[in-house]
Amino acid sequence: MNMLQPLPATDVLEPTSFVDPADADARLAPHPMMPPVSEPELASMPIAEGAFKSVAEAGVGGLLSAFSTGVLTPVNALESLMTSVDITRAGGEAILRPIPGAHEAAVESAARWSAGNPRPLEGIPFGVKDIIDVADTEVTCGSKFTGNRIAPADADVVARLRAAGAIPFAMTATSEFACGGPHNPRFGAVTNPWDASRWTGGSSTGSGAALAARLMPLALGTDTGGSIRVPSCWCGTTGLKPTGEKVSRRGVAALSWTLDHVGPMARSATDIARVLPFMTGHPDPQLAHDCAAFSEDLDIKGLRIGVASGWFTDNVDQAVLTNWQKALETLETLGCILVELPPVDVAPYHKAGWIVLQSELAALHAERAERADLMDPGMFGRLRNGMAFSAVDYAQALQARVAAQDAFLGAMDGLDLLITPGIGGEAGSLATLTVDVNGAPLGFQDVISRNTMIFDFTGFPALMLPTGLGRAGLPTGMQIVGRPQEDALCLLVGAAFQSVTGHHRLAPPGASSD
């Protein structure tokens with residue numbers, strides 16, 4: 001007798017009903033037919049003009065222009081920045097330690113400029129978040145657990161920037177393992193250069209603060225729930241979370257391998273466009289071509305921009321909204337067509353993103369849970385959450401990435417980009433761990449990742465840039481989001497906006513100057 005009875009038809013799992021989580025990553029991949037790109041093509045990116053009063057104020061383009069004309073040498077620039085680090089009153093705790101070999105690299109860069117054979121980013125100093133490996137340098141992840149670990153080799157992104165002539169010169173502070181709260185257990189809090197009672201936002205705390213304080217023109221950050229974009233918003237700088245996997249994560253300490261992104265932080269979208277083609281894990285000729293065109297054409301007439309509401313505008317301070325609406329009006333004057341973005345139910349995807357992040361955090365750090373006395377309380381809380389989720393919770397959250405991508409691709413049908421407000425309030429208080437939203441103190445967890453986590457979850461490129469100052473005189477921001485691989489389009493709109501506004505040039509009181 002056959003003991004196996006057939007299942008009722010309603011209980012049979014149809015093969016097509018299974019959602020493969022790998023489909024989400026497949027959608028982020030560049031077009032497979034892209035032709036190879038040669039170094040001469042990448043090196044042909046023009047050097048834009050960049051007048052500046054001091055090395056501290058100079059961006060990437062300004063420094064390259066000064067190097068090319070002999071007004072300044074990479075050695076002079078590096079020495080000036082290192083002096084600023086020693087004497088600055090604002091943002092000083094953003095930099096943890098110098099990187100060995102920077103002076104020797106600057107000497108080599110100066111010789112290359114003199115000989116007429118500079119590489120594309122020759123002599124540009126940059127900071128490196130303290131979870132990204134730099135050869136022969138102490139990299140601690142902001143944790144007591146790591147001791148005085150010396151990185152054996154450069155992370156891929158550092159190696160690529162070095163190959164283009166850029167010089168890693170300073171390690172910048174991070175929340176513990178890019179996951180903790182403001183009060184780092186090993187190095188302390190990084191205060192916001194605009195107001196020392198406020199936080200920079202995490203977890204790329206040092207990179208955001210150092211850029212705002214004019215201690216460097218370029219820095220590397222990572223973004224898992226908003227960790228490039230939050231400090232960029234709260235410090236009044238510009239940061240890009242690229243398309244998922246566009247920049248290699250090799251040599252970068254993982255927080256959540258599904259959601260982690262590595263990206264550039266600077267003071268303008270144009271500077272980011274200048275460096276991004278030299279950071280990507282694989283040569284990207286279309287990106288190089290599009291970014292090279294920035295110096296000649298910032299025309300954005302006719303672009304259809306989806307204006308977000310609902311989830312993205314709820315729990316947002318009126319001053320943030322006012323500055324965002326003014327920014328949208330500016331884009332209209334530049335010829336953009338603003339269209340209301342169809343509603344997307346973000347809440348379940350936001351929740352799923354946090355399940356993925358905390359589950360993968362637990363997989364990496366569960367054995368450390370017994371030493372909570374050494375750990376940042378914020379990280380410990382997220383670690384405990386991650387240890388409580390089931391395998392089914394985690395797997396279903398991974399599957400939701402495909403649905404989230406479908407939802408946003410559907411909402412963006414017929415649109416070129418979408419734009420949201422930045423973080424819901426001005427920089428939060430270090431004393432209370434709250435953000436003021438229309439007079440109400442809301443906890444960091446309720447505000448910081450609300451508008452950013454979803455684009456780590458989907459892997460879509462997202463650019464954060466400043467829109468002015470709020471009621472407390474602190475920066476506010478907006479977020480420009482594109483479809484996968486449309487990083488350059490996000491940067492184009494950001495660069496066009498910044499070409500007719502000056503918000504990105506505002507410096508905090510006490511920022512370094514030569």
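- Just one residue in the list R97, E176, R149 forms a side chain to side chain contact (heavy atoms under 4.5 Å, CB included) with T140, and that residue is R97.
- If you check the side chains of T200 and N192, you find no donor sitting under 3.5 Å from an acceptor.
- A distance-only check finds no donor-acceptor pair linking the side chain of S175 to the backbone of G202 [under 3.5 Å].
- A search for salt bridge (charged side-chain N to carboxylate O under 4.0 Å, His left out) contacts involving R267 returns nothing, not counting sequence neighbours.
- Contact of the L465 side chain with the S232 side chain is not registered, since no non-hydrogen atoms from C-beta on lie closer than 4.5 Å.
- Side-chain atoms of N451 come within 3.5 Å of backbone N or O of G422 as a donor-acceptor pair.
- Using a 3.5 Å distance cut-off with no hydrogens or angles, the side chains of T205 and K129 do not pair a donor with an acceptor.
- Looking at E138, its side chain never comes within 3.5 Å of a backbone N or O of I150 through a donor-acceptor pair.
- In this structure, T222 and I228 have side chains that are not in contact, with every pair of non-hydrogen atoms separated by 4.5 Å or more.
- Judged purely by atom type and a 3.5 angstrom limit, D271 uses its side chain to pair as donor or acceptor with the backbone of G61.
- With a 4.5 Å cut-off on side-chain heavy atoms, L287 and T280 count as touching.
- Remark: N438 engages D317, Q318, R471 in a side-chain contact (heavy atoms from CB on, under 4.5 Å) (not counting sequence neighbours).
- In this structure, F460 and L418 have side chains that are not in contact, with every pair of non-hydrogen atoms separated by 4.5 Å or more.
- Partner of F67 under the side chain to side chain contact (heavy atoms under 4.5 Å, CB included) criterion, chosen from T73, N76, L72: L72.
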Go through the steps to decide whether R27 and D25 satisfy the test salt bridge (Lys or Arg N to Asp or Glu O under 4.0 Å), and finish with yes or no. CA-CA 5 Å; R27 293 176 175 181; D25 292 323; over 6 Å; no

If you apply the rule salt bridge (Lys or Arg N to Asp or Glu O under 4.0 Å), what do you find for D284 with K246, and how did you get there? CA-CA 9 Å; D284 187 335; K246 195 168 195 69; 2.7 Å; yes

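- The closest side-chain heavy-atom distance from D446 to R450 is not below 4.5 Å.
- The side-chain contact (heavy atoms from CB on, under 4.5 Å) test applied to S197 returns D195, not counting sequence neighbours.
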Could you walk me through whether L161 and M279 pass side chain to side chain contact (heavy atoms under 4.5 Å, CB included), step by step? CA-CA 6 Å; L161 285 171; M279 294 173 56; 3.6 Å; yes

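- Figure legend: cation-pi geometry between R368 and F145, with NZ or CZ positioned under 6.0 Å from the six-membered ring centre and within 45° of its axis.
- Take F408 and apply the ring pair (Phe, Tyr, Trp, His ring centres under 6.0 Å) test, not counting sequence neighbours, and it matches F455.
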Please assess R160 against D154 for the test salt bridge (Lys or Arg N to Asp or Glu O under 4.0 Å), listing each intermediate value before the final yes or no. CA-CA 9 Å; R160 287 190 60 79; D154 284 339; over 6 Å; no

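- Listed by chain and residue number, R250 satisfy the salt bridge (charged side-chain N to carboxylate O under 4.0 Å, His left out) test with D156 (two or more places apart in sequence, or in another chain).
- For E367, the CD atom is densely surrounded, since the number of other residues' heavy atoms within 6.0 Å is greater than 12.
- No option in R229, H504, Q498 other than Q498 meets the side-chain hydrogen bond (donor to acceptor under 3.5 Å, both in side chains) test with T238.
- Proximity of M478 to F497: side-chain heavy atoms (C-beta onward) are separated by under 4.5 Å at one or more points.
- Atom NE2 of H103 has 12 or fewer neighbouring heavy atoms from other residues, nucleotides or ligands inside a 6.0 Å radius.
- The shortest distance between side-chain heavy atoms of F457 and V356 falls below 4.5 Å.
- In this structure, a donor-acceptor pair under 3.5 Å is present between the side chains of W354 and S449.
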Verdict with reasoning, T258 to R401, per side chain to side chain contact (heavy atoms under 4.5 Å, CB included): CA-CA 10 Å; T258 299; R401 291 179 69 215; 3.6 Å; yes

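- In this structure, the side chains of V60 and V275 come closer than 4.5 Å at one or more pairs of heavy atoms.
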Assess whether side chain to side chain contact (heavy atoms under 4.5 Å, CB included) is satisfied between I423 and T452, documenting all intermediate values. CA-CA 8 Å; I423 311 308; T452 54; 4.0 Å; yes

Please lay out, stage by stage, how S204 and S207 fare under the test side chain to side chain donor-acceptor pair (under 3.5 Å). CA-CA 6 Å; S204 302; S207 293; 5.4 Å; no

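- The ring pair (Phe, Tyr, Trp, His ring centres under 6.0 Å) check on H365 picks up F177, with sequence neighbours excluded.
- Judged by a 6.0 Å distance limit and a 45° cone about the ring axis, R198 is not positioned over the six-membered ring of W234.
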